Amino acid sequence: MKHKMILKQQVQYASMIDRALNLCEVMLSRSETLYPFAVLSIEKQIQCIFLDDEDYNNKHPNGAHFGMIEKLEHQLAIGKKQANSAIGMLVYAATIRSPQQAENDALMFSICDANGENTLTLYPYEFEVNSIKIGKPFTCDFSD
């Protein structure tokens, strides 16, 4: 297995991030669609959380899925009550716009550590022949 690029400050989450990146690659290479999901890590045990099919079919007229992130956040909150050391991560699709107004697809990883601190990391990606190329990750800073 090729080791994905992981930011230095997120090395402690490497196994979670690796699992999520692998899942994203499988999903995107099969259907070119990324369905939002969550990853919960409790005492080094990692589990992926998906919603029920009806949640994925619950679409807004503009094509966007709605309520999914909130439902996944709720599932993570339930899971995090099991242990103080639990770490949760939401994974969903995003679009990045460069200063030159070019748009790129990206994977958004929203990691919430055991202290409740949130980190947003973007992994740009592009489709290649029969595969997905995931680019170098970077974090987002939404400071006021």
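Heavy-atom basis, side chains included; hydrogens, waters and symmetry copies ignored. It should be emphasised that the depicted structure is a prediction, and the values quoted were computed from it without experimental measurement. Sequential numbering from 1 along the given sequence is applied to the chain's residues.
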Of the non-hydrogen atoms in [X] and [Y], which two are nearest, and what is the gap between them?
X   : Y    : result
L34 : A93  : CD2-N, 3.5 Å
M16 : V39  : CE-O, 3.6 Å
I87 : A114 : CG1-N, 4.2 Å
M68 : P36  : CE-CD, 3.4 Å
M27 : Y35  : SD-N, 3.3 Å

Give a yes or no on whether [X] and [Y] share a hydrophobic cluster (residues Ile, Leu, Val, Met, Phe, Trp, Tyr; joining criterion: side-chain heavy atoms under 4.5 Å apart).
X    : Y    : value
I96  : L7   : no
L40  : I78  : no
F138 : M108 : yes
M89  : F50  : yes
L122 : L90  : yes

So, taking the atom named [atom1] in [X] and the one named [atom2] in [Y], what distance separates them when rounded to the nearest 0.5 Å?
X    : Y    : atom1 : atom2 : result
I6   : S15  : CD1   : OG    : 8.0 Å
D18  : Y13  : CG    : OH    : 16.0 Å
S110 : Y92  : OG    : OH    : 5.0 Å
T33  : L28  : OG1   : CG    : 7.5 Å
L76  : C112 : CG    : SG    : 8.5 Å
I134 : L21  : CD1   : CG    : 5.0 Å

Would you check if the side chain of [X] reaches a backbone N or O of [Y] as a donor-acceptor pair within less than 3.5 Å?
X    : Y    : result
S85  : A83  : no
S29  : V26  : yes
K80  : D113 : yes
N115 : E117 : no

Begin with the C-alpha distance, continue with both residues' side-chain angles, and end with the deciding distance and a verdict on side-chain contact (heavy atoms from CB on, under 4.5 Å) for T121 and I17. CA-CA 10 Å; T121 305; I17 291 170; over 6 Å; no

Do C24 and V91 have side chains that get closer than 4.5 Å, going by heavy atoms?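 Result yes, sub-4.5 Å side-chain heavy-atom pair found.
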
Would you indicate whether the side-chain heavy atoms of I132 and F127 approach each other to under 4.5 Å?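 A side-chain contact under 4.5 Å exists here.
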
Ring centroids only, cut at 6.0 angstrom: are F109 and Y123 within range, meaning strictly under it?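 F109 vs Y123: aromatic centres under 6.0 Å.
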
Got a sec: does the CD of Q9 have more than 12 other heavy atoms crowding it under 6.0 Å?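 Yes.
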
Going by distance alone, is a donor N or O of one side chain under 3.5 Å from an acceptor N or O of the other, for Q10 and T119?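 The answer is no; no qualifying pair exists.
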
